[in-house]
Amino acid sequence: LAKTTQPISMDSYEGQEVNITCSHNNIATNDYITWYQQFPSQGPRFIIQGYKTKVTNEVASLFIPADRKSSTLSLPRVSLSDTAVYYCLVGFTNAGKSTFGDGTTLTVKP
Amino acid sequence: DTAVSQTPKYLVTQMGNDKSIKCEQNLGHDTMYWYKQDSKKFLKIMFSYNNKELIINETVPNRFSPKSPDKAHLNLHINSLELGDSAVYFCASSLRPPGNTGELFFGEGSRLTVL
């Protein structure tokens with residue numbers, strides 16, 4: 001299984017761009033990378049998914065280098081409401097066994 | 001309408017008791033899951049069912065028994081509860097069986113506290 005490593009925590013200020021990197025050195029060829037956001041007392045919520053290069057949606061961008069051994073979630077112009085735990089999830093193959101990262105607690109300050 | 005709903009949201013019980021958590025999804029998804037999130041926020045998959053058939057069974061004590069009466073429901077029964085079972089249990093669903101891509105839809109979680 002692809003093991004993932006993320007920073008435990010990050011601080012930012014409103015209006016800044018935040019980049020959270022996830023390392024996944026033994027990612028499998030068919031594995032996609034997915035990021036989830038979790039607020040206190042809620043379940044994780046899908047943010048973005050990608051396989052290579054760059055993916056962008058209305059809330060975030062996901063950058064994946066050519067070797068795919070890491071990925072970076074980019075949140076543009078964060079607000080206080082972006083304070084949450086962000087999880088990197090690699091793979092959903094191999095009979096569905098997937099590995100969530102340990103999560104990065106992002107704190108956005110005014 | 002809540003897409004993935006779990007009951008109860010909170011559960012406090014004594015060691016040795018048996019308890020159940022129920023989950024229902026109205027998304028029409030084929031696959032459902034149970035995840036455990038401990039006090040350090042680590043999320044670990046426990047079970048997955050596809051169309052009522054067990055497809056993932058991680059290393060979980062056999063005191064935990066999932067049951068899927070139909071593809072919209074996946075319940076979790078826990079026998080002989082132990083202190084270490086205290087956690088938040090999340091139910092999730094996905095449109096298709098685990099594959100290369102796909103999105104997980106999570107419920108709000110059920111916080112189990114074993115005293």
Side-chain angles (χ1 to χ4, degrees), chain A residues 1-10 22 27-52 55 57 59-60 62 64 68 71 83-107, chain B residues 2-10 21 23 25 27 29-51 53-60 74 87-111:
Chain A
L1 293 176
K3 178 170 171 53
T4 58
T5 303
Q6 306 175 229
I8 294 174
S9 63
M10 295 182 70
C22 179
I27 186 171
T29 302
N30 294 333
D31 284 342
Y32 276 65
I33 299 148
T34 313
W35 285 81
Y36 287 81
Q37 175 190 56
Q38 185 179 25
F39 296 114
S41 301
Q42 293 187 24
R45 185 180 68 171
F46 175 92
I47 301 175
I48 196 166
Q49 184 176 76
Y51 182 79
K52 62 180 180 180
V55 179
N57 61 21
V59 298
L62 179 59
I64 306 167
R68 304 197 335 114
S71 58
T83 293
V85 179
Y86 292 83
Y87 291 95
C88 164
L89 172 63
V90 173
F92 224 165
T93 55
N94 190 22
K97 295 184 179 182
S98 58
T99 304
F100 270 94
D102 293 340
T104 299
T105 299
L106 172 66
T107 303
Chain B
T2 303
V4 181
S5 58
Q6 303 176 222
T7 54
K9 192 172 175 65
Y10 299 97
I21 306 172
C23 179
Q25 54 94 4
L27 298 167
H29 288 172
D30 287 339
T31 310
M32 297 184 71
Y33 311 79
W34 278 109
Y35 280 83
K36 179 181 180 181
Q37 186 170 48
D38 61 22
S39 57
K40 295 184 179 179
K41 305 293 186 186
F42 299 148
L43 263 169
K44 295 191 185 304
I45 191 168
M46 300 172 68
F47 302 102
S48 177
Y49 272 73
N50 179 54
N51 276 326
E53 191 174 325
L54 181 65
I55 56 173
I56 297 174
N57 186 350
E58 287 296 288
T59 308
V60 177
L74 180 61
V88 181
Y89 292 85
F90 285 100
C91 178
S93 71
S94 62
L95 180 59
R96 288 176 290 274
N100 295 340
T101 65
E103 177 181 346
L104 289 167
F105 291 79
F106 284 86
E108 297 284 288
S110 296
R111 180 175 294 277

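Here is the naming used below: chain letters follow the sequence lines, and residue numbers restart at 1 for every chain.
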Exercise. Would you mind reporting whether A/Pro44 and B/Tyr35 have side-chain heavy atoms less than 4.5 Å apart?
Key: no
Quiz item: Do the non-hydrogen side-chain atoms of A/Leu89 and B/Leu43 ever get within less than 4.5 Å of each other?
Solution: no
Practice problem: Identify which part of B/Lys9 has an atom lying under 4.5 Å from any heavy atom of chain A, answering side chain, backbone, both or neither. | Solution: side chain
Exercise. Using non-hydrogen atoms and a 4.5 Å limit, figure out which bit of B/Gln6 sits close to chain A: side chain, backbone, both or neither.
Key: neither
Practice problem: Looking only at non-hydrogen atoms, find the nearest pair between A/Tyr36 and B/Leu104 and report the distance. | Solution: OH-N, 2.9 Å
Quiz item: For B/Glu103 and A/Phe46, which heavy atoms make the closest approach, and how far apart are they?
Solution: OE2-CB, 3.2 Å
Exercise. Return yes when atom CD of A/Gln42 has more than 12 non-hydrogen atoms of other residues, nucleotides or ligands closer than 6.0 Å, and no otherwise.
Key: yes
Exercise. Measure A/Tyr87 against the heavy atoms of chain B and call it side chain, backbone, both or neither at under 4.5 Å.
Key: side chain
Quiz item: In Å and rounded to the nearest 0.5 Å, what is the CD to NZ distance from A/Gln38 to B/Lys41?
Solution: 6.0 Å
